[in-house]
Amino acid sequence: MGIKTALPRYELYLYTAVLAMALIWAGSWIFEASSDNVNRRAFKESVKPGWYYFGRKMDVADFEWIMWFSTFRNHILFALTGHVIFAKIFTLITPKIGIDGCKHRSLIFGVYGGLAVLVTMGWTFIALVLSHCIILYSVALVKKKWMCFAAGLATLASIKLEPYNSWQETLVTGSFDLQDILFYGGCGFSIMRCISFALENCEKKDGNYTFTDLLKYNFYLPFFFFGPIMTFDRFHAQATNTQLTRKEREMWNITAKALLHLGVIMVVDVFFHYLYILTIPSDMKLVTKLSDWCLAGLAYSNLVYDWVKSAVMFGVINTVATLDHLDPPQPPKCITMLYVFAETHFDRGINDWLCKYVYDYIGGNHDKIFKELLATVSTFCITTLWLGPCEVVYIWSFFNCFGLNFELWVAKFFSLPPFSTIEGAMGEAMSRRIRGVFNAANFWAIVLYNVLSLNSLEFAKLVGRRLIFRGFPLSTLSVLLVTYCGVQLVKERERQQALLQDQEPVKPVDGGKEKAE
């Protein structure tokens with residue numbers, strides 16, 4: 001039914017109140033579990049001294065967050081600030097020596113990025129990355145997509161599978177805390193960019209892109225180690241654009257986003273002092289003693305936190321890229337806004353890459369069951385290789401692949417008579433409510449399928465058992481009711497956005513009168 005179907009205002013107010021109270025209730029359980037168990041022996045490694053004057057310890061279980069915004073914050077800021085300053089200086093100097101700085105700015109970005117990587121990781125790492133570039137560039141000249149994919153995936157497998165990854169890692173000399181992360185992040189993202197370059201070169205009708213184009217694309221520093229991936233066609237078009245203009249209030253928007261990211265970092269820091277959402281799931285003895293509401297809150301909050309982390313880290317990088325007149329991939333869609341598997345992702349850059357070259361390429365319009373199955377299996381096979389094959393990744397890929405296909409099967413099934421006839425006979429608002437019930441169940445399938453990759457398989461299994469079996473019917477139905485309220489509020493937001501895009505006047509829905517816009 002139409003996305004512009006409205007619900008009565010009082011009904012939406014009721015949904016908002018129920019959702020707010022449920023979040024506060026679940027949060028109070030997590031706060032109590034955090035405060036009562038702060039001195040547990042199992043918390044010793046991941047709960048460290050925090051606010052001394054407030055007597056609060058801090059959850060430091062996520063190394064990636066601590067690395068970005070505590071331990072190596074100054075190093076990362078120094079590198080990104082240096083990128084902006086280096087590019088600005090050269091764009092000011094080049095016109096004085098008769099060189100068009102705008103035309104060659106991608107070269108300037110690449111030179112600084114290459115030098116920064118060289119200083120950080122050493123010449124052996126640079127040589128390794130260049131060898132990957134040379135191999136995939138050579139294959140790209142053949143202009144056969146299957147060869148580009150085969151060579152690219154084989155190269156990616158060489159840094160994801162033993163013993164090849166260990167052998168390549170030994171080529172990098174020196175030892176420091178970030179070496180593993182920078183090595184695998186730098187190599188992994190570099191290979192994915194090279195595959196994108198090779199596939200886009202296959203689409204180029206006249207001649208080939210140059211090896212310099214690949215190096216400028218690959219060594220753009222803000223994207224090099226941590227992503228996001230920007231496909232070569234988009235990067236090349238934007239980096240070679242010489243008509244550099246700012247939209248109205250663009251600098252103000254960039255500043256506002258930077259301040260927003262800073263505010264979010266501070267809020268997360270506060271939460272880590274009161275809610276140990278990352279440490280608690282690692283202590284299964286404690287988890288088994290917690291209430292069903294506390295477990296549901298932990299599972300949900302872990303996914304929300306992972307989205308916040310991705311949004312902030314990519315947001316910081318995207319701010320720098322926007323200053324360089326690029327339009328980078330946006331942060332992922334919040335887990336709260338997701339109730340279908342088709343929109344579930346935690347890295348929009350990887351998602352765009354997979355959709356462009358695999359999922360949409362094979363699946364077409366995604367309305368054919370067999371083509372969709374082939375597209376999803378192919379997509380998740382590559383995703384499994386990208387994440388690093390292991391038991392948890394296999395399970396995660398299988399269930400998310402199943403969920404994506406199951407959505408299509410259910411949609412096809414209910415589009416047949418008599419279901420389609422029954423839905424057509426009922427009001428659009430009632431159809432939205434019924435669909436919301438199914439979406440609520442789907443939301444928790446998304447949560448359970450993804451929380452196992454963030455915490456552990458044991459924690460995901462425990463949450464599933466408690467909410468579906470042991471907690472039935474009270475916990476199961478109450479959690480689904482709250483989720484249903486949240487889904488309807490998300491649908492209302494989507495409805496308003498659709499109306500704004502169409503610029504259609506909206507009349508309010510009063511009382512119990514249901515009206516479809």
Side-chain angles (χ1 to χ4, degrees), residues 15-62 65-66 264-309 334-336 440 443-444 447-448 450-452 454-486:
Y15 292 156
T16 304
V18 171
L19 182 62
M21 288 188 294
L23 290 175
I24 295 172
W25 178 249
S28 67
W29 279 101
I30 300 175
F31 174 75
E32 182 179 344
S34 302
S35 300
D36 293 347
N37 299 279
V38 65
N39 294 317
R40 283 179 69 92
R41 183 178 300 176
F43 285 15
K44 186 177 181 180
E45 295 297 324
S46 56
V47 177
K48 301 292 185 181
W51 294 340
Y52 175 78
Y53 291 104
F54 291 92
R56 301 299 307 183
K57 293 186 177 181
M58 181 180 180
D59 190 341
V60 295
D62 187 358
W65 180 271
I66 299 300
V264 171
I265 293 170
M266 296 173 66
V267 170
V268 172
D269 188 79
V270 171
F271 270 84
F272 276 168
H273 283 84
Y274 290 93
L275 305 175
Y276 302 153
I277 60 172
L278 304 179
T279 296
I280 292 176
S282 63
D283 185 357
M284 293 305 296
K285 290 184 179 180
L286 172 61
V287 170
T288 55
K289 301 175 183 178
L290 301 178
S291 68
D292 294 345
W293 274 100
C294 188
L295 289 179
L298 283 171
Y300 169 72
S301 60
N302 268 264
L303 285 179
V304 171
Y305 163 71
D306 193 68
W307 168 78
V308 170
K309 180 176 69 174
C334 179
I335 182 64
T336 305
F443 175 88
W444 274 100
V447 171
L448 293 176
N450 287 277
V451 78
L452 64 89
L454 298 178
N455 298 114
S456 67
L457 180 60
E458 291 74 19
F459 178 70
K461 288 165 61 178
L462 177 64
V463 174
R465 284 197 302 266
R466 291 280 290 275
L467 294 185
I468 299 174
F469 300 109
R470 290 180 57 186
F472 187 84
L474 183 59
S475 297
T476 306
L477 297 180
S478 59
V479 169
L480 282 179
L481 173 63
V482 172
T483 308
Y484 168 82
C485 295

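Residue numbers run from 1 in the order of the sequence given.
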Enquirer: From Ile280 CD1 over to Ser46 OG, what is the distance, rounded to the nearest 0.5 angstrom?
Expert: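 Reported to 0.5 Å precision, the distance equals 10.0 Å.
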Enquirer: Verify, without hydrogens or angle tests, whether Thr476 (side chain) and Pro473 (backbone) share a donor-acceptor contact under 3.5 angstrom.
Expert: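 No, the answer is negative, given that no donor and acceptor are paired below the 3.5 Å cut-off.
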Enquirer: Would you compute the distance between atom CG of Leu462 and atom CZ of Arg470 and round it to the nearest 0.5 angstrom?
Expert: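 So the gap between those two atoms works out to 7.5 Å.
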Enquirer: Decide yes or no for Val463 and Leu448: does some side-chain heavy atom of the first lie under 4.5 Å from some side-chain heavy atom of the second?
Expert: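 Contact flag for Val463/Leu448 side chains = yes.
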Enquirer: Answer yes or no: is there a donor N or O on one side and an acceptor on the other, between the side chain of Asp306 and the main chain of Asn302, under 3.5 Å?
Expert: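 Looks like no, no N/O pair under 3.5 Å.
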Enquirer: Please give me the minimum heavy-atom distance between Thr483 and Phe443, naming the atom from each residue.
Expert: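 In this case the closest contact between Thr483 and Phe443 is CG2-CD2, 3.5 Å.
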Enquirer: Test side-chain contact (heavy atoms from CB on, under 4.5 Å) on Val47 and Val60 and set out the steps.
Expert: CA-CA 6 Å; Val47 177; Val60 295; over 6 Å; no
Enquirer: Tell me whether Met266 at atom CE has more than 12 heavy atoms from other residues, nucleotides or ligands lying less than 6.0 Å away.
Expert: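 No, not enclosed.
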Enquirer: What is the minimum heavy-atom distance between Gly486 and Leu19, and which atoms define it?
Expert: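 That closest heavy-atom pairing would be CA-CD2, 4.0 Å.
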Enquirer: If you apply the rule side-chain contact (heavy atoms from CB on, under 4.5 Å), what do you find for Ser35 with Arg56, and how did you get there?
Expert: CA-CA 9 Å; Ser35 300; Arg56 301 299 307 183; 3.7 Å; yes
Enquirer: Main chain of Lys57, side chain of Tyr276: is a donor-acceptor contact present, judged purely on distance under 3.5 Å?
Expert: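 A pair under 3.5 Å: yes.
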Enquirer: Quick one: do Phe272 and Thr279 satisfy side-chain contact (heavy atoms from CB on, under 4.5 Å)? Show the steps, please.
Expert: CA-CA 10 Å; Phe272 276 168; Thr279 296; over 6 Å; no
Enquirer: Just wondering, do Phe43 and Leu286 contact through their side chains at under 4.5 Å, heavy atoms?
Expert: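 They are in contact (side-chain heavy atoms under 4.5 Å apart), so the answer is yes.
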Enquirer: To the nearest 0.5 Å, tell me how far Leu454 CG sits from Tyr305 OH.
Expert: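 Rounded to the nearest 0.5 Å, the CG-OH separation comes out at 10.0 Å.
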Enquirer: Kindly state each residue pair satisfying ring pair (Phe, Tyr, Trp, His ring centres under 6.0 Å) with at least one member in residues 454-486, sequence neighbours excluded.
Expert: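 Qualifying pairs, neighbours excluded: Tyr15-Tyr484.
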Enquirer: If you compare all heavy atoms of Arg466 against all heavy atoms of Asp292, which two are closest, and at what distance to 0.1 Å?
Expert: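 Scanning both residues completely, I find the closest heavy atoms to be NE-OD1, 2.7 Å.
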Enquirer: Compare every heavy atom of Gly297 with every heavy atom of Ala26, then report the nearest pair and how far apart it is.
Expert: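 That closest heavy-atom pairing would be CB-CA, 4.2 Å.
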Enquirer: Quick one: CD1 on Ile30 to CH2 on Trp293, what's the gap to the nearest 0.5 Å?
Expert: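 With rounding to 0.5 Å, CD1 (Ile30) is 11.5 Å from CH2 (Trp293).
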Enquirer: Working to the nearest 0.5 angstrom, can you tell me the gap between Ser475 OG and Ile468 CD1?
Expert: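 Going from the OG atom of Ser475 to the CD1 atom of Ile468 covers 12.0 Å.
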Enquirer: Return the minimal non-hydrogen interatomic distance between Ser34 and Tyr274, and the atom names on each side.
Expert: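 Heavy-atom minimum between the residues: CB-O, 3.5 Å.
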Enquirer: In Å, rounded to the nearest 0.5 Å, how long is the span from CG of Asn37 to NZ of Lys285?
Expert: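 If I round to the nearest 0.5 Å, the distance is 13.0 Å.
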Enquirer: If the plane angle is over 60° it's perpendicular, under 30° parallel, otherwise tilted; pick one for Trp51 and His273.
Expert: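 Plane angle under 30°, so parallel.
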Enquirer: Under the side-chain contact (heavy atoms from CB on, under 4.5 Å) criterion, do Leu298 and Leu290 qualify, and how do the steps go?
Expert: CA-CA 10 Å; Leu298 283 171; Leu290 301 178; 3.8 Å; yes
Enquirer: Does Asp269 reach the side chain of Met58, with side-chain heavy atoms less than 4.5 Å apart?
Expert: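 Yes, side chains in contact.
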